[in-house]
Amino acid sequence: EPEVTQTPSHQVTQMGQEVILRCVPISNHLYFYWYRQILGQKVEFLVSFYNNEISEKSEIFDDQFSVERPDGSNFTLKIRSTKLEDSAMYFCASSSSGANVLTFGAGSRLTVL
Amino acid sequence: GQQVMQIPQYQHVQEGEDFTTYCNSSTTLSNIQWYKQRPGGHPVFLIQLVKSGEVKKQKRLTFQFGEAKKNSSLHITATQTTDVGTYFCAASGGSNYKLTFGKGTLLTVNP
């Protein structure tokens with residue numbers, strides 16, 4: 001069964017450092033998403049990406065965050081200068097038909113020290 | 001933005017007991033989706049409900065969408081330890097680009 005793959009599975013970084021989280025969505029999907037989940041809390045929407053541009057973003061997704069689809073397969077989330085409160089699990093998801101039936105990756109756990 | 005309220009936050013049951021989680025919105029939803037997240041895992045899509053009053057079943061799981069399309073429920077009959085996890089409802093509020101999740105209900109099952 002097709003799956004969304006994410007790397008790294010766990011990243012530990014110092015506050016202020018830049019982090020790039022990578023995702024390979026399902027190949028025929030057109031809609032891509034990043035969500036985050038602070039331990040034990042809800043799954044929070046960060047940003048969606050369609051047709052090579054950001055289609056919607058939340059208030060969490062400030063200037064410290066950016067997304068890119070550098071080639072035909074990868075979808076990345078960059079955090080420019082990490083803060084302690086950025087520590088969370090970051091999930092990438094993709095879908096073939098908009099905000100319906102999202103397939104999530106296994107997540108990248110970010111720990112900011 | 002679209003908000004869905006989910007209750008209860010936690011539910012602990014004995015194996016074999018039933019379980020229900022509820023999702024409510026103040027606005028009419030175009031559709032509602034349910035996801036399950038096992039401990040340490042990622043959300044996995046379970047089902048999507050679109051029609052008013054729709055009821056769908058997956059083995060011991062029954063999903064319902066209210067007549068007014070403002071609420072939904074997930075009912076598990078005779079829980080098993082494999083049902084453990086957090087169940088989330090999610091709604092798009094008409095947006096094609098944003099799916100908003102409820103806070104989820106954490107189900108634990110005592111064998």
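Everything quoted here is computed from the prediction, not taken from an experiment. Letters A, B, ... mirror the listed sequences (proteins, then strands); counts begin at 1.
- Looking at A:Arg36 and A:Glu44, a side-chain N of the basic residue comes within less than 4.0 Å of a carboxylate O on the acidic one, giving a salt bridge.
- With chain A as the partner, the residue from B:Phe45, B:Tyr35, B:Tyr97 showing the most heavy-atom pairs under 4.5 Å is B:Tyr97.
- B:Lys69 contributes a side-chain N or O that, together with a main-chain N or O of B:Val50, makes up a donor-acceptor pair within less than 3.5 Å.
- Classified by interplanar angle (parallel below 30°, tilted 30° to 60°, perpendicular above 60°), the ring pair A:Phe104/A:Phe91 is perpendicular.
- In this structure, CZ in A:Phe65 is found 9.5 Å from CG in A:Leu21, a value given to the nearest 0.5 Å.
- Of all the listed residues (A:Phe49, A:Tyr50, A:Tyr35), the one sharing the greatest number of non-hydrogen pairs under 4.5 Å with chain B is A:Tyr35.
- Proximity to chain A is absent for every atom of B:Gln6, based on heavy atoms less than 4.5 angstrom apart.
- Of the two parts of A:Thr103, neither the backbone nor the side chain holds a non-hydrogen atom closer than 4.5 Å to a non-hydrogen atom of chain B.
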